[in-house]
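See below for the structure under consideration.
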Amino acid sequence: MKSDISGFPEFLPNEQIAFNNVMNTIKEHFELYGFVPMDTPAVERIETLLAKGNDSEIYGLYRLADENSKKSLGLRFDLTVPFARYVSSHHGRMIFPHKRYQIAPVWRGERPQYGRYRQFYQCDVDIIGEDELSISHDAEILKLITETLRDLNIPEFTTKVNNRKVLTGFLKHVIVGEHAEEKILECMHLIDKIDKLSVDEFWKGMEEFGISSKDLTKLKSFLEVEKRGSNEEILKMLKPLNFSAEFNEGVSELETVLDLLKKFGIEDRYVKISTSLARGLSYYTGTVFETSFDDIKDIGSIGGGGRYDDLTSMISGSDKKFVGVGASIGISRMVPKLIDKGLLNCAKSTTSQLLVTVQNRNFIGSYMKLSGKFRRLGIKTETYLQDKSLGAQIGYASRKGIKYVLIANDIELLDNKAIIRNLETKEQTVIRTEYMGKEVVDLLR
RNA sequence: GCGGGUGUAGCUCAGUUGGUCAGAGCGCCAGAUUGUGGCUCUGGAAGUCGUCGGUUCAACUCCGAUCACUCGCCCCA
């Protein structure tokens with residue numbers, strides 16, 4: 001992937017087609033589950049953005065042209081904050097549970113590097129309810145994400161699942177005193193990074209939270225549970241730990257979600273309990289999950305999400321409570337990687353199915369009319385309008401990946417005859433062009 | 001925000017201690033092949049060597065500045 005402006009990727013035609021195919025597949029799956037499209041402005045008020053992110057994440061701070069106005073806008077850095085704002089301003093006219101998806105670019109003011117951009121697409125799905133939302137939706141979202149990724153024909157992937165209450169239920173008991181809440185959050189983030197750190201680094205970091213050595217031993221065995229077997233076995237080991245009521249609730253929710261997934265027909269191999277998974281975002285309160293490729297480790301996660309018990313409180317002070325569960329797929333990171341590795345088909349530099357070649361330019365109108373007949377049959381058709389030899393015209397089709405060319409000289413044209421050549425098999429078929437129907441559509445498939 | 005690297009044709013890059021060093025491969029265009037692409041062969045177009053300044057008889061080569069891109073860290077998708 002090359003970008004002329006650092007962090008703002010651009011694709012060549014064949015890559016863009018591959019990217020859009022991925023995006024369309026995701027969109028189709030989201031809609032198959034009844035999620036409605038949603039779009040919001042690229043900018044939000046700075047106050048809204050700062051309610052969640054920090055300054056460095058907001059790429060480009062724009063002040064409105066009116067110098068007297070104190071209002072300033074910034075580019076969104078995710079799709080959740082705009083969604084929260086949207087809900088808090090339109091909830092009176094929305095129907096709950098509300099299911100929406102949004103596939104759109106976001107911008108971040110971070111330094112770019114491989115697999116990390118300043119502009120990238122997020123594919124978000126969320127289900128949001130007023131006051132409460134069945135935990136079945138957690139499983140539904142996981143099912144949707146799993147099926148979507150599965151149907152993308154990408155390499156093997158696994159989704160790690162956990163429940164925030166499992167972690168907080170434990171940590172609340174071992175981290176107490178001043179600033180306990182912040183420390184718990186920090187501690188969770190450290191636990192989340194356990195795979196990236198060395199054993200020494202990790203436990204050295206843990207010491208800073210003032211956890212007793214007895215509790216650290218507990219934590220250690222707890223974190224190692226995930227390495228010991230199947231989800232069922234892990235749950236069996238977690239239950240008797242009985243760290244606190246909240247912990248038990250988390251384990252029970254985790255069990256419910258996994259049980260539902262089984263009932264919903266999602267195979268066990270796609271989902272794996274990970275007791276160390278927390279995810280960075282602070283608003284998650286229950287189920288959390290994160291998906292990565294099994295064999296491609298250097299790009300991090302390709303998607304993730306979770307449950308949040310209070311979406312809009314960070315935006316508005318209203319007493320209304322909106323509970324949601326959502327997920328996001330990071331296609332801007334995933335697609336270029338798959339292209340680099342040759343794991344995504346990007347042989348075609350065109351969406352055309354047929355090229356109508358032009359041999360006698362005096363009949364250009366007839367060729368165009370003929371093209372129109374194919375278009376009305378739903379066949380994506382190009383007419384070759386440059387003054388080049390037939391060989392060059394076919395070469396053009398071949399290089400772009402157009403599978404069929406139509407060849408006809410003026411005599412054939414007047415006789416309502418044409419040759420359809422399949423460039424992959426070299427097969428040629430003579431067709432009649434006055435009344436074309438299903439047989440032509442089948443031929444060009 | 002902090003710390004490295006690189007900048008020569010559309011792309012990937014080579015250019016020896018400053019002195020025919022402005023090159024190769026791929027791609028592109030044309031022809032061999034007057035209705036039919038990929039292969040092969042032949043020929044062709046294409047670069048103010050990132051930019052500005054300095055050192056020198058001489059700079060793609062050395063020095064400085066600047067811009068751009070890039071890789072790590074932080075953070076994230």
Side-chain angles (χ1 to χ4, degrees), chain A residues 1-10 12 26 52-59 76-80 103-124 145 149 186 189-190 192-193 196-197 201 278-282 289-293 298-306 326-337 347 349 355-361 363 384 386 388-413 417-430:
Chain A
M1 163 85 38
K2 197 191 149 130
S3 53
D4 282 338
I5 300 175
S6 180
F8 292 77
E10 297 181 313
L12 290 169
I26 291 171
K52 185 190 141 200
N54 57 43
D55 246 340
S56 71
E57 277 181 318
I58 303 169
Y59 188 74
R76 64 180 173 224
F77 54 83
D78 75 0
L79 300 178
T80 305
I103 298 173
V106 301
W107 295 267
R108 295 216 181 143
E110 313 249 357
R111 199 176 283 287
Q113 49 191 269
Y114 188 80
R116 187 180 150 189
Y117 306 100
R118 295 204 295 204
Q119 172 178 299
F120 59 94
Y121 276 81
Q122 286 192 327
C123 309
D124 272 31
I145 292 296
L149 292 172
E186 278 175 44
H189 287 170
L190 186 65
D192 195 49
K193 280 191 273 190
K196 288 182 189 164
L197 302 171
E201 276 175 316
R279 292 187 55 81
L281 296 172
S282 54
F289 55 90
E290 195 166 276
T291 308
S292 305
F293 287 122
D298 56 342
I299 55 167
S301 69
I302 53 172
S328 183
I329 301 176
I331 44 175
S332 291
R333 175 176 277 179
M334 178 171 76
V335 171
K337 183 69 189 182
S349 290
L355 178 75
V356 171
T357 60
V358 172
Q359 275 182 80
N360 187 332
R361 294 179 62 78
F363 287 77
Y384 197 92
Q386 295 279 84
K388 290 278 170 74
S389 71
L390 180 62
Q393 297 186 42
I394 292 170
Y396 167 84
S398 176
R399 273 180 302 153
K400 279 183 84 169
I402 303 176
K403 192 172 169 189
Y404 293 97
V405 292
L406 179 146
I407 299 160
N409 59 24
D410 41 13
I411 297 166
E412 287 161 327
L413 218 47
K417 262 166 53 180
I419 296 162
I420 299 287
R421 178 178 175 85
N422 179 331
L423 295 187
E424 287 168 16
T425 64
K426 298 184 178 180
E427 261 178 281
Q428 299 201 156
T429 312
V430 178

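Remember, predicted model here, so these are calculated numbers, not experimental data. To find a chain, count down the sequence lines: A is the first, B the second, and so on, and within it residues start at 1.
- The gap from the P atom of B:C39 to that of B:C29 amounts to 13 Å, rounded to the nearest Å.
- Put simply, A:Ser6 has no side-chain N or O that comes within less than 4.0 Å of OP1 or OP2 on B:A68.
- If you measure from atom NZ of A:Lys193 to atom P of B:C73, you get 11 Å, rounded to the nearest angstrom.
- Residues A:Leu423 and A:Ile402 come closest through the heavy atom pair CD1-O, 3.5 Å.
- Residue A:Tyr114 contributes atom OH, which lies 22 Å from atom P of B:U6 at whole-angstrom precision.
- Taking atom P on both nucleotides, B:U6 is separated from B:G47 by 27 Å, rounded to a whole Å.
- One donor-acceptor pair, N or O on each side, does fall under 3.5 Å between the base of B:G38 and the side chain of A:Lys426.
- Scanning for side-chain hydrogen bond (donor to acceptor under 3.5 Å, both in side chains) contacts around A:Gln428 gives A:Arg421, with sequence neighbours left out.
- Paired runs in RNA chain B that reach 3 or more consecutive Watson-Crick or G-U pairs, where each pair keeps both distances under 3.5 Å, cover B:1-7 with B:67-73, B:10-13 with B:23-26, B:28-32 with B:40-44, B:50-54 with B:62-66.
- Listed by chain and residue number, nothing satisfies the ring pair (Phe, Tyr, Trp, His ring centres under 6.0 Å) test with A:Phe363 (two or more places apart in sequence, or in another chain).
- In this structure, CG of A:Asn360 is placed 15 Å from P of B:U36, rounded to the nearest angstrom.
- Judged by distance alone, the side chain of A:Gln393 and the main-chain N or O of A:Lys388 form a donor-acceptor pair under 3.5 Å.
- In this structure, the nucleotide among B:C69, B:A77, B:G37 sitting nearest to the side chain of A:Leu423 is B:G37.
- Contact annotation for A:Ser328: no contact, since no heavy-atom pair falls under 4.0 Å across all strands.
- The phosphate of B:G72 has OP1 or OP2 within less than 4.0 Å of a side-chain N or O from A:Gln113.
- Scored by the ring pair (Phe, Tyr, Trp, His ring centres under 6.0 Å) test, A:Phe293 finds no partners at all (sequence neighbours excluded).
- With both ends at atom C1', the span from B:U66 to B:A77 equals 34 Å, rounded to whole Å.
- Whole-Å rounding puts the A:Arg279 CZ to B:C75 P distance at 15 Å.
- Contacts of A:Lys403 classified as salt bridge (Lys or Arg N to Asp or Glu O under 4.0 Å), with partners at least two apart in sequence or in another chain: none.
- Pairing each heavy atom of A:Gln122 with each of A:Ser328, the nearest pair is CB-OG, 3.9 Å.
- Closest approach to the A:Arg111 side chain among B:C71, B:A77, B:G38 is made by B:C71 (side chain taken as heavy atoms from C-beta onward).
- Counting non-hydrogen atoms under 4.0 angstrom, A:Lys337 reaches nothing in the nucleic acid.
- The residue A:Gly304 sits apart from the nucleic acid: no heavy atom pair falls under 4.0 Å.
- Atom C1' of B:G23 sits at a distance of 7 Å from the matching atom of B:A14, rounded to the whole Å.
- Place A:Asn422 and A:Ile302 on RNA chain B by their nearest nucleotides, and A:Asn422 ends up nearer the 5' end.
- Here B:A77 presents its P atom at 17 Å from CD1 of A:Ile103, a figure rounded to the nearest Å.
- Atom CG in A:Asp124 sits 9.0 Å away from atom CD1 in A:Ile103 (nearest 0.5 Å).
- Every residue two or more places apart in sequence or in another chain was checked for a salt bridge (Lys or Arg N to Asp or Glu O under 4.0 Å) with A:Lys193, and none qualifies.
- Contacts of A:Tyr121 classified as ring pair (Phe, Tyr, Trp, His ring centres under 6.0 Å), with partners at least two apart in sequence or in another chain: A:Phe19.
- For the side-chain hydrogen bond (donor to acceptor under 3.5 Å, both in side chains) test, no residue two or more places apart in sequence or in another chain qualifies with A:Tyr384.
- No engagement by A:Gly330 is indicated, since no non-hydrogen atom pair under 4.0 Å with the nucleic acid exists.
- We find the SG-CE distance between A:Cys123 and A:Met334 to be 7.5 Å, quoted to the nearest 0.5 Å.
- If you take CZ of A:Phe8 and P of B:A68, they are 13 Å apart, rounded to a whole angstrom.
- With rounding to whole Å, A:Asp78 atom CG is found 8 Å from B:A77 atom P.
- Contact annotation: side chain of A:Gln428 to base of B:U36, donor-acceptor pair present below 3.5 Å.
- Comparing the same atom, P, in B:G15 and in B:G53 gives a spacing of 28 Å after rounding to whole Å.
- Rounded to a whole angstrom, the distance from the P atom of B:C41 to that of B:C57 is 50 Å.
- When the nearest nucleotides of RNA chain B are assigned to A:Tyr121 and A:Ile402 by heavy-atom distance, the more 5′-ward of the two goes with A:Ile402.
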Worksheet item: Once each nucleotide of nucleotides 26-35 of chain B is scored for protein heavy atoms under 4.0 Å, what B/S/- sequence comes out, 5' to 3'?
Response: --SSS----B
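- Atom C1' of B:A46 sits at a distance of 29 Å from the matching atom of B:G5, rounded to the whole Å.
- Here, B:U12 and B:U70 have their C1' atoms 16 Å apart, quoted to the whole Å.
- As a whole-Å value, the separation of A:Leu190 CG from B:C75 P is 10 Å.
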